[in-house]
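Everything on this sheet refers to the single structure shown next.
Quantities reported herein were computed from a predicted structural model and do not represent experimental measurements. Residue numbers begin at 1 in each chain, while the letters A, B, ... track the order of the sequences.
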Protein chains: 2
Amino acid sequence: MAVEALSSYLLKADDAAFHDQVYDALAEALTEGVFAPGQSVSLRTLASGLNVSPMPVREAVRRLIAEKALELQPSNKRLRVPSLSEDRLHQLAKARSWVEPELAAIAAIKATPELIETLKEEDDTLMVALSKGDVEGYMKANHAFHFHIYKAAHADLFYDMARTLWLQTGPFMRVVFNKLGTVQLPRDHHQELIGAFAARDAETARKAMAEDIAEGMDLMVEAVRV
Amino acid sequence: MAVEALSSYLLKADDAAFHDQVYDALAEALTEGVFAPGQSVSLRTLASGLNVSPMPVREAVRRLIAEKALELQPSNKRLRVPSLSEDRLHQLAKARSWVEPELAAIAAIKATPELIETLKEEDDTLMVALSKGDVEGYMKANHAFHFHIYKAAHADLFYDMARTLWLQTGPFMRVVFNKLGTVQLPRDHHQELIGAFAARDAETARKAMAEDIAEGMDLMVEAVRV
DNA sequence: GACCGGCAATTGTGATCACACATCATCTGG
DNA sequence: CCAGATGATGTGTGATCACAATTGCCGGTC
């Protein structure tokens, strides 16, 4: 499923290489939980779904495999979205609970008024989506909020680690919202974060981010377990 | 340079795909510091150096780019080994100082007598290489020591993070040993680690590993700075 | 009706060719 | 003798074909 609507994720940027555009499209689809865990995909199917030749898809997929957002089954050597496992989710949670607070702490020191303004706006649209029960809107806004912070840290390696971790968390999201519905969305710590940024307080920012992630991931662990 | 001797890193395994073998070869070469930071490489050159067609090299390289062990220059779109930067090294140090102690702590709990025996042997060959001033032997043994531990943790995600981080640290190694020579190799904490493993003491293992890495990375930071 | 054998379609992988672009050397004109 | 144009070479990228292996379907047999 979902392959036929993939082309909507492909936004044309003439200067970028095809395989980069394909990567972005697949990455966004994965982060948003378009693909189900365990679902098998194929190069040619993706290619035709994106209206490109299999070649750029191969390279994009190879990259996603390296980032553990996709996997090659050792037996079949066939392509698929990694399955859920509680152990895997725990490792993701631990890793995120280290990297992202770290990024928040770095960003807090370098915080500019522009960043804070952006975060406030982002948090507003998030709250609106939340009150409307708009899951997709909430997820998009939440993603934007977090990554505005991470980008502001100007720490490429950590930024990419966070990006990769979200990529791997995506497919879990789908399961969570399938089981929990839109009702009990996590109470986030975004206001505390914005406050810490305004005060350029690294440790408070780190702590707030850690709690934000811990609660979100706890929700996922709980949802996966049952 | 170094490309002509690359084929020695290619060990035949009939069941594995070409691009995997190529990846392994390039990864090992990178971890051992065969390539100089900033050195530019090309698909066709690597391909002929490894006696394969450019095709599998493309996929292997795409993977290495995703792991930030290689990079594509945005201007030229040409391939090269990432340059040194103090900021980059700091991020690597921070990341390693979290992931690898974490792995050590997990592995300590699951430690078996076999693992401890292997580690002792590994440490012996390390000491022998050290006393002979055999840099390459020391690096190989050190790598083996650490990754026997990491593998024993059975935490795929963390293991792969460690692997990727070593991949990125490789090119720095070359610079370090060029500047420092073989004399002042780091006094490691391997004995403390082995002791902690025998006692199944996670926190002591974590601490010992953290110090081992901190000292090693400090050495590198110092070497890069001058 | 259930099981199994065999054929067709689909899979990932590798090789080869074509293309646009960047780089570098050489050559030409001043 | 030097600068700028011009060609040759090398670069990553994409398309297409070939191939072995696996999967899945379909019909036949017990």
| task | Sort and list the pairs that fulfil salt bridge (Lys or Arg N to Asp or Glu O under 4.0 Å) and have at least one residue in residues 105-118 of chain A, not counting sequence neighbours. | result | none
| task | For A:Arg163, check salt bridge (Lys or Arg N to Asp or Glu O under 4.0 Å) against everything at least two apart and list the hits. | result | A:Glu67, A:Asp160
| Who pairs with B:Phe172 by ring pair (Phe, Tyr, Trp, His ring centres under 6.0 Å), at least two apart in sequence or on another chain? | none
| query | For B:Asn76 and C:dA22, what is the distance between atoms CG and P respectively, to the nearest whole Å? | reply | 9 Å
Mind listing the side-chain donor-acceptor pairs of residues 146-153 of chain B below 3.5 Å, one per line with the distance, residues two or more places apart or on another chain?
unit_1, atom_1, unit_2, atom_2, d
B:His146, ND1, B:Asn142, O, 3.1
B:His146, ND1, B:Asn142, OD1, 3.3
B:His146, NE2, B:Asp212, OD2, 2.9
B:His148, ND1, B:Glu122, OE1, 3.4
B:His148, ND1, B:Ala144, O, 3.3
B:Tyr150, OH, B:Glu100, OE1, 2.5

| message | Base contacts versus sugar-phosphate-only contacts with protein, heavy atoms under 4.0 Å: please encode nucleotides 10-20 of chain D as B, S and - from 5' to 3'. | response | -BBBBBB-B--
| note | A:Leu72 meets the side chain to side chain contact (heavy atoms under 4.5 Å, CB included) criterion, sequence neighbours left out, with A:Arg62, A:Ile65, A:Leu79
